[in-house]
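Chain letters run A, B, ... following the sequence lines, proteins first, then strands; residues in each count from 1.
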There are 2 protein chains.
Amino acid sequence: MAEEKRIERVQHVWVRLIRAHDNVVRKVEAAVKAKGLPPIEWYDVLLELSREGGRKLRPVELEKELLVAQYNLSRLLDRMEAAGLVERLTCPGDGRGQMIQATPEGRAMQKRIWPSYREALEEHVAPDLSEKDLEQLAKLLGAIGGHLRPGGCGN
Amino acid sequence: MAEEKRIERVQHVWVRLIRAHDNVVRKVEAAVKAKGLPPIEWYDVLLELSREGGRKLRPVELEKELLVAQYNLSRLLDRMEAAGLVERLTCPGDGRGQMIQATPEGRAMQKRIWPSYREALEEHVAPDLSEKDLEQLAKLLGAIGGHLRPGGCGN
DNA sequence: TTAATGTCAATGCAGTTGCATGAAACTGAG
DNA sequence: CTCAGTTTCATGCAACTGCATTGACATTAA
């Protein structure tokens, strides 16, 4: 019965987590796409590569930062490379690996995406929640997911 | 500056919402799949069909309940029908539509899935949160997503 | 009734994901 | 050094998704 009560609450969280995620992600993606900008994951890659004033990263590292499966990242980088936003450099000291680096176009694209992205977040992520609630929600969600670096524009 | 503070918090929520969702969904799906059971969306369909002691639903209605795109639902039902879990009946009074109904196998499958599903939820959704926190989290998430019916086993 | 419009569901196609595997390169024990 | 085991990244294939469209029927207005 204490058990019953618990599972019920867990279910509430489960259902609403999925619903909230769908709701928010769909809206933000739609807003960004509506401006003719690339998908959010592209931004995430570019953001990671722009940290600390621009850096090279191994795909393996990106994988961990971004929570993307290896084969998906491989193909995501294919697409971004084809679009001229990132380069694959040979990796000194490890012949298997590579270093991924944003091209100038990639950096420009990141800067170009950010305003729209930011606007979409403000508009669609919890527009009705108070500052206090936002903070509380972030804290509770943080207890569920692993840790993640802050988002933003990288500046 | 008040604006700055706000967007920062919004971003925290955004990032953690995605991270939490990924984390939880991936684990629950993996756990259920590991037992050779069908994907979660199949359960969701069967659950909806089992409410109120078993009912027929139009795809359009399922669509709204389940937050699935029309074309995806159409094909999801293809698969479930092929697996013998649901039937498409002709819809009296509307020649375009159809009524979806769980077969006996479908109802059996739903009952068979539930224990594993429940166990996975208990284990992977917020295992470290107190009852109070769960309730709070559900409330805050509820403010973000639209409303949704409770999950569970339908009994 | 008819014509225009709207709703329900299916489908072709291209793009994406998951899974399993493979090839190349690194590592470390002997 | 050599070989077994591991890590890094790519890829063939099947399944799934999103988008656009179609076809069938329903509804409304005239």
Side-chain angles (χ1 to χ4, degrees), chain A residues 18 21-23 25-34 36-45 48-49 56-83 86-101, chain B residues 18 21-23 25-34 36-45 48-49 56-83 86-101:
Chain A
I18 291 178
H21 177 269
D22 264 44
N23 190 38
V25 170
R26 213 156 18 80
K27 283 180 184 166
V28 170
E29 276 179 343
V32 172
K33 170 184 277 197
L37 297 170
I40 289 166
E41 19 168 53
W42 288 35
Y43 181 80
D44 294 337
V45 170
E48 284 308 320
L49 294 175
K56 301 167 189 169
L57 280 177
R58 306 273 309 250
V60 188
E61 305 176 277
L62 272 172
E63 220 177 296
K64 284 168 201 146
E65 303 277 0
L66 297 180
L67 211 48
V68 181
Q70 181 270 320
Y71 46 83
N72 281 337
L73 179 58
S74 174
R75 292 190 269 223
L76 172 55
L77 292 174
D78 286 348
R79 283 170 247 149
M80 292 183 70
E81 188 180 33
V86 301
E87 281 175 312
R88 292 192 224 236
L89 310 175
T90 64
C91 180
D94 191 339
R96 298 165 298 182
Q98 45 190 238
M99 303 297 292
I100 307 298
Q101 183 180 235
Chain B
I18 290 177
H21 177 269
D22 264 45
N23 190 38
V25 170
R26 214 157 18 79
K27 283 180 184 166
V28 170
E29 277 180 342
V32 171
K33 171 183 274 197
L37 297 171
I40 289 167
E41 19 167 52
W42 289 35
Y43 181 79
D44 295 335
V45 170
E48 284 308 321
L49 294 175
K56 301 167 188 169
L57 281 177
R58 307 274 310 250
V60 187
E61 304 177 277
L62 272 172
E63 222 178 296
K64 284 169 201 146
E65 303 277 359
L66 297 179
L67 212 47
V68 181
Q70 181 271 319
Y71 46 83
N72 280 338
L73 179 58
S74 173
R75 291 190 268 225
L76 172 55
L77 292 174
D78 285 348
R79 283 169 246 149
M80 293 183 69
E81 189 180 32
V86 301
E87 280 174 313
R88 293 192 222 235
L89 310 176
T90 63
C91 180
D94 191 339
R96 296 165 299 183
Q98 45 190 237
M99 303 296 293
I100 307 296
Q101 183 180 237

Taking [atom1] from [X] and [atom2] from [N], how many angstroms apart are they, rounded to a whole number?
X: Asp78(A); N: dT11(D); atom1: CG; atom2: C1'; result: 10 Å
X: Lys64(A); N: dC9(D); atom1: NZ; atom2: P; result: 9 Å
X: Glu81(A); N: dT11(D); atom1: CD; atom2: P; result: 11 Å
X: Arg26(A); N: dG18(D); atom1: CZ; atom2: P; result: 10 Å
X: Arg79(B); N: dA14(D); atom1: CZ; atom2: C1'; result: 12 Å
X: Glu63(B); N: dA9(C); atom1: CD; atom2: C1'; result: 9 Å
X: Asp22(B); N: dT17(C); atom1: CG; atom2: P; result: 12 Å
X: Leu77(B); N: dA10(C); atom1: CG; atom2: P; result: 7 Å

Under 4.0 Å between a side-chain N/O of [X] and OP1 or OP2 of [N], yes or no?
X: Arg88(A); N: dA10(D); answer: yes
X: Asn72(A); N: dT16(C); answer: no
X: Arg58(A); N: dC9(D); answer: yes

If you measure from [atom1] on [X] to [atom2] on [Y], what distance do you get to the nearest 0.5 Å?
X: Leu77(A); Y: Trp42(A); atom1: CG; atom2: CH2; value: 10.5 Å
X: His21(B); Y: Ile18(A); atom1: NE2; atom2: CD1; value: 5.5 Å
X: Leu67(A); Y: Leu62(A); atom1: CG; atom2: CG; value: 12.5 Å
X: Asp78(B); Y: Asn72(B); atom1: CG; atom2: CG; value: 11.0 Å
X: Glu87(A); Y: Gln98(A); atom1: CD; atom2: CD; value: 12.0 Å

message: Run Leu89(A) and Lys56(A) through side chain to side chain contact (heavy atoms under 4.5 Å, CB included) and show every step you take.
response: CA-CA 9 Å; Leu89(A) 310 175; Lys56(A) 301 167 189 169; 3.9 Å; yes

- request: Could you run through nucleotides 19-27 of chain D and give me one letter per nucleotide, 5' to 3': B if any protein heavy atom sits under 4.0 Å from the base, S if only the sugar-phosphate is that close, - if neither?
  value: BB---BBS-

message: Just so I know, are the side chains of Arg58(B) and Met99(B) near enough to count as touching, which here means a heavy-atom distance under 4.5 Å?
response: yes

